[in-house]
Every structure is written in structure tokens, then in C-alpha cells.
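The figures here come from the full heavy-atom set of this structure, side chains too, leaving out hydrogens, waters and symmetry mates. Atoms within a ligand are numbered from 1 in the order they appear, just like the ligands themselves.
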Amino acid sequence: MANQLTYNVAVVGATGAVGQQMIRLLEERNFPIKQLKLLASGRSAGKTVTFKGQEVVLEEATPESFAGVDFALFSAGGSVSKELAPHAVRHGAIVIDNTSAYRMDPDVPLVVPEVNMDAALAHKGIIANPNCSTIQMVAALKPLYDRFGIDRIIVSTYQAVSGAGQSAINELLDQSRDVLDGKEAECRVLPVGKLPVHHQIAFNAIPQIDVFTDNGFTYEEMKMVNETKKIFGDDTVQVSATCVRIPVVYGHSESVYVELKQDYDLNEVRALLENAPGVVVVDAPQEQQYPLATDATGKLDVFVGRLRRDLHHPRGLHMWIVSDNLLKGAAWNTVQIAEELIKARA
Ligand code: 25A
Ligand code: L14
């Protein structure tokens with residue numbers, strides 16, 4: 001075997017819902033690691049995680065944690081990234097950041113490898129990983145954008161609780177048990193942990209993800225608007241979103257309506273999607289086959305189905321897009337960017 005280059009990799013937020021998936025992917029994909037550093041808050045320091053049969057001790061993330069690190073994968077919330085990512089860059093690491101901290105920074109590429117890997121190659125130390133709902137949508141729309149152009153997108157999401165971290169997963173499971181046992185459901189985390197008002201998620205649908213902005217849309221909804229434009233490199237794409245939390249643990253589902261710039265043939269749309277990297281078409285309504293969050297869980301791909309023409313608009317197209325929010329929506333997109341950077345160097 002040719003002697004392969006290996007890298008020092010740090011995971012910041014290693015105990016979180018996303019961080020744990022990063023570690024699993026680095027192991028499963030046999031990422032060329034020289035040394036793995038697992039960083040979290042002081043609370044978790046000293047705990048151990050098994051990686052490739054070896055115990056790795058969790059350390060508290062500090063500005064000096066990044067000496068000698070080649071790739072620093074961040075998923076510990078925006079404030080941690082704002083504080084520590086510049087130190088990682090100072091130590092010479094390439095930061096791939098899962099939070100919203102740097103996504104709209106003009107000096108930071110916002111990358112989905114299937115769409116704009118070229119932007120990643122021009123990084124200045126930090127590469128941002130988009131919001132999970134945006135990633136799966138643009139990955140599926142990319143071949144249609146290239147072939148027909150897109151005038152506008154109207155999307156409604158049905159988002160899993162794991163997007164809000166491990167505490168939100170625990171909240172859904174605890175509330176579900178309590179409601180079934182005839183007890184009162186305790187609401188502490190959703191829709192937004194740091195805000196004073198909380199709503200029941202078990203047996204419910206909450207039309208709020210992240211805080212509200214001044215225009216009546218939530219921040220999560222505005223992430224879908226702004227990030228889609230940045231990733232396509234096209235400010236003219238009109239995007240409107242409604243983001244809803246539902247009692248699903250893993251996998252975001254999206255009802256997406258697109259108005260293309262040119263007339264289209266539905267068979268060509270299907271063929272384009274079938275050939276798109278990272279996209280799997282599941283679309284056989286006569287056999288009741290369409291993408292489901294339960295089927296997407298644990299998979300790296302973006303699943304697309306329910307393809308149909310709008311009844312009124314000649315260039316309108318409807319689709320249903322599902323992916324594992326912790327994988328393509330977060331950990332996999334991050335590890336994939338690192339893999340592609342290594343390939344581009346080789
Ligand atoms: O700001 P943003 O961008 O909007 O991101 C907000 C949140 O979104 C998640 C992520 O949550 C983040 O906190 N997220 C980010 N990107 C995402 C994406 N693309 C995304 N979700 C989906 N898609 P998370 O739960 O995945 O990750 C939280 C991790 O952050 C670590 N962390 C927190 N503060 C840190 C820090 N790491 C370093 N330095 C800091 N200052 C956190 O580690 C976790 O790994 P931890 O060790 O502090 O906590 C996990 C352990 O601690 C226990 N625990 C948790 N809360 C409490 C607690 N114990 C006692 N009291 C508590 N209040 C847990 O049981 C666990 O063992
Ligand atoms: O912006 O609560 O990366 O589902 C996306 C998922 C923030 C949290 C982001 C959730 C996150 C969000």
C-alpha cells in the first residue's frame with residue numbers, strides 16, 4: 001500500500017448529538033487520522049470514548065487545544081465556535097464549523113460538496129457547514145437549478161427534535177411516556193431552550209424553530225432563505241420557508257414547491273435526480289413508496305419523491321425531500337468536506 005498521509009483531527013462538541021455522529025463517521029469511513037482529539041465542555045472532561053478499539057479521553061476545549069491540529073470539526077453551538085475557531089485557525093487548523101456563527105461571513109465559504117465544493121478550496125481557514133434543512137434541499141435542487149434555473153422555492157419543513165440536540169431528544173421521549181401514562185408533560189427545552197416559554201412536542205407540531213426575527217419569519221426560516229442564495233451564488237432565487245418541529249427523533253422531511261425558469265419534462269426531472277450524486281429517488285406512489293424519515297435514519301443520502309407537476313403553474317414542481325439531519329444535515333456534510341479537501345490536495 002502506498003504510504004498515505006494522515007491528519008490530526010479535533011472534534012469540538014464531541015459529546016453532543018452531532019459530535020457523536022462525527023466520531024462514528026471518522027471511524028466507519030476510515031478517515032486517515034494520525035491523532036484524534038475529542039473536545040467538549042469541562043463537564044465532560046475525563047470521560048472516555050472508544051475509537052477504533054482505543055480509549056480516547058475527552059478534554060476541555062481551550063484556545064490551546066488546537067496545537068498541531070490539521071482539521072477541527074466544530075459542533076458545540078455558535079458561541080463556542082466564535083470563541084475558539086479563530087484560535088484553531090491561528091494554530092494552522094482548517095476549521096469546518098457546523099454552527100451558524102460564520103455562515104454568512106463573506107470570507108467564509110458555505111459548502112455542500114455536491115453543490116459548491118469549488119468554494120471550499122478557496123477557504124481562509126474556516127469553512128461553514130450550512131443549516132441541516134438547507135443542505136438537504138439544495139443537494140436535491142442542484143441538478144434542477146443547473147438544467148432549468150430556479151425562480152422561486154416555497155418550502156415547509158417537518159423537523160426532527162435531534163436538530164436541537166440531545167436534550168430535545170430526551171424531552172420528546174420523556175413527554176411521550178408521561179402523556180401515555182396519563183401524567184402532565186414537562187416542557188423545558190423546545191421550541192428554544194434559552195427562551196422563557198416552552199411548548200409540548202409530544203403528539204404536537206410546533207411552528208417555531210429558533211428565535212423570531214423582525215419580519216415574522218424565524219431565524220431557522222431565514223437561514224434557509226439566505227444560505228440557499230449563498231450556496232447557489234445567486235441572490236435572485238426567491239425562497240420562503242415555514243419550519244415546523246414534529247415528534248420525530250431523526251430525519252427532517254420537507255415539502256418543497258419550486259418554480260423553474262424554463263419549461264420542464266417530469267421524466268427528465270426524475271432522470272436528473274436519479275443521476276445526481278448523494279441523491280436517491282424513491283417515487284412509486286402506486287406502490288406507496290416515497291421517502292420516510294424512518295428509512296433515511298442512519299443513511300448518508302438525500303431521498304426525494306412525490307414528484308409531481310403543479311396543477312396551475314406551468315413551471316411549478318412539487319417534491320418531498322428527506323434526509324438524516326445529523327448525517328447529511330450535519331456530521332456527514334462536515335466529514336465529507338474534509339474528505340474532499342484531502343482528495344483535492346492529493
Ligand atoms: O448556536 P447554534 O449554531 O444554533 O447551535 C446550537 C446547538 O445546535 C446543535 C448543537 O447541539 C449546538 O449546541 N447543532 C450545532 N450544529 C448543528 C447541526 N448542523 C446542530 N444540530 C443539528 N445540526 P448538540 O447537542 O449537538 O451539541 C452540544 C455539544 O456542545 C458541547 N459544548 C457545549 N458547550 C461547550 C461545548 N463544548 C466545548 N466547550 C463548550 N463551552 C457539548 O458538550 C455537546 O457536546 P458537553 O460536554 O457540555 O455536554 C454534553 C454532556 O453533558 C451532559 N449535559 C448536557 N447538558 C447538561 C449536562 N449535564 C448537566 N447539566 C446540563 N445542563 C450531557 O448528558 C452530556 O453527557
Ligand atoms: O443552524 O433546532 O445548524 O433543529 C439547525 C437545526 C440549529 C438548530 C443550525 C434545530 C441548527 C436547529
Side-chain angles (χ1 to χ4, degrees), residues 12-13 16-22 73-82 85 95-105 108 110-112 126-139 155-172 187-195 197-199 201 204-213 217-228 230-231 239 241-254 293 296-297 302 321-337:
V12 184
V18 175
Q20 289 179 47
Q21 296 303 318
M22 287 177 174
L73 314 181
F74 275 73
S75 193
S79 55
V80 175
S81 293
K82 276 189 189 132
V95 169
I96 309 177
D97 181 34
N98 241 297
T99 76
S100 50
Y102 296 100
R103 287 182 190 147
M104 298 315 295
D105 184 327
V108 174
L110 183 63
V111 176
V112 178
I126 303 179
I127 296 169
N129 202 69
N131 168 268
C132 35
S133 303
T134 310
I135 292 178
Q136 66 182 62
M137 184 174 81
V138 298
V155 51
S156 296
T157 70
Y158 304 69
Q159 295 186 219
V161 294
S162 54
Q166 190 61 46
S167 60
I169 299 178
N170 298 343
E171 179 165 85
L172 169 61
C187 307
R188 291 204 204 114
V189 179
L190 293 169
V192 179
K194 64 188 178 212
L195 296 182
V197 177
H198 296 113
H199 300 299
I201 182 61
N204 212 355
I206 305 176
Q208 180 188 355
I209 297 182
D210 216 325
V211 300
F212 278 94
T213 72
F217 287 87
T218 63
Y219 189 42
E220 180 82 351
E221 289 159 355
M222 292 313 295
K223 288 179 214 165
M224 294 194 77
V225 176
N226 297 322
E227 294 180 19
T228 298
K230 179 164 175 177
I231 297 164
V239 185
T242 304
C243 293
V244 181
R245 187 84 66 192
I246 59 163
V248 159
V249 179
Y250 301 111
H252 288 353
S253 303
E254 301 178 337
T297 301
V302 173
I321 304 176
V322 179
S323 193
D324 188 325
N325 55 302
L326 296 184
L327 294 179
K328 183 59 183 167
W332 165 233
N333 199 67
T334 302
V335 172
Q336 187 185 15
I337 290 170

Problem set entry | Short side-chain donor-acceptor distance under 3.5 Å, Asn325 and Ser162 | yes

Problem set entry | Under-4.0 Å heavy-atom contact with ligand 2, by part of Met224 that carries it | neither

Exercise. Quick one: does Ser100 get an N or O within less than 3.5 Å of an N or O on ligand 2?
Worked result: no

Seminar exercise, completed: One finds that the ligand 2 atoms under 4.0 Å from a non-hydrogen atom of Gln159 are 4 (O)

Exercise. Which atoms of ligand 2 are found less than 4.0 Å from any heavy atom of Ala164?
Worked result: 2 (O), 4 (O), 10 (C)

Problem set entry | Distance-only N or O hit between ligand 2 and Lys223, under 3.5 Å | yes

Problem set entry | Atoms of ligand 2, numbered as shown, that sit under 4.0 Å from any heavy atom of Arg245 | 2 (O), 4 (O), 10 (C)

Exercise. What atoms of ligand 2 come closer than 4.0 angstrom to any heavy atom of Cys132?
Worked result: 5 (C), 6 (C)

For this session: May I ask you to check if ligand 2 and Glu220 share an N or O to N or O distance below 3.5 Å?
Result: no

Exercise. Which atoms of ligand 2 have any heavy atom of Gly163 under 4.0 Å away?
Worked result: 2 (O), 4 (O), 6 (C), 8 (C), 10 (C), 12 (C)

Exercise. Hey, are Asp97 and Arg103 close enough for a salt bridge, meaning a charged N less than 4.0 Å from a carboxylate O?
Worked result: no

Problem set entry | Donor-acceptor pair, side chain of Thr218 and main chain of Ile209, under 3.5 angstrom | yes

Seminar exercise, completed: Asn98 heavy atoms within 4.0 Å reach ligand 2 at atoms 3 (O)

For this session: Would you mind checking if Glu227 and Lys230 are paired as a salt bridge, meaning a charged N to carboxylate O distance below 4.0 Å?
Result: no

Problem set entry | Partners meeting ring pair (Phe, Tyr, Trp, His ring centres under 6.0 Å) with Tyr158 (sequence neighbours left out) | Trp320

Exercise. Between Glu220 and Gln159, does any side-chain donor sit less than 3.5 Å from a side-chain acceptor?
Worked result: yes

For this session: Would you indicate whether the side-chain heavy atoms of His198 and Leu190 approach each other to under 4.5 Å?
Result: no

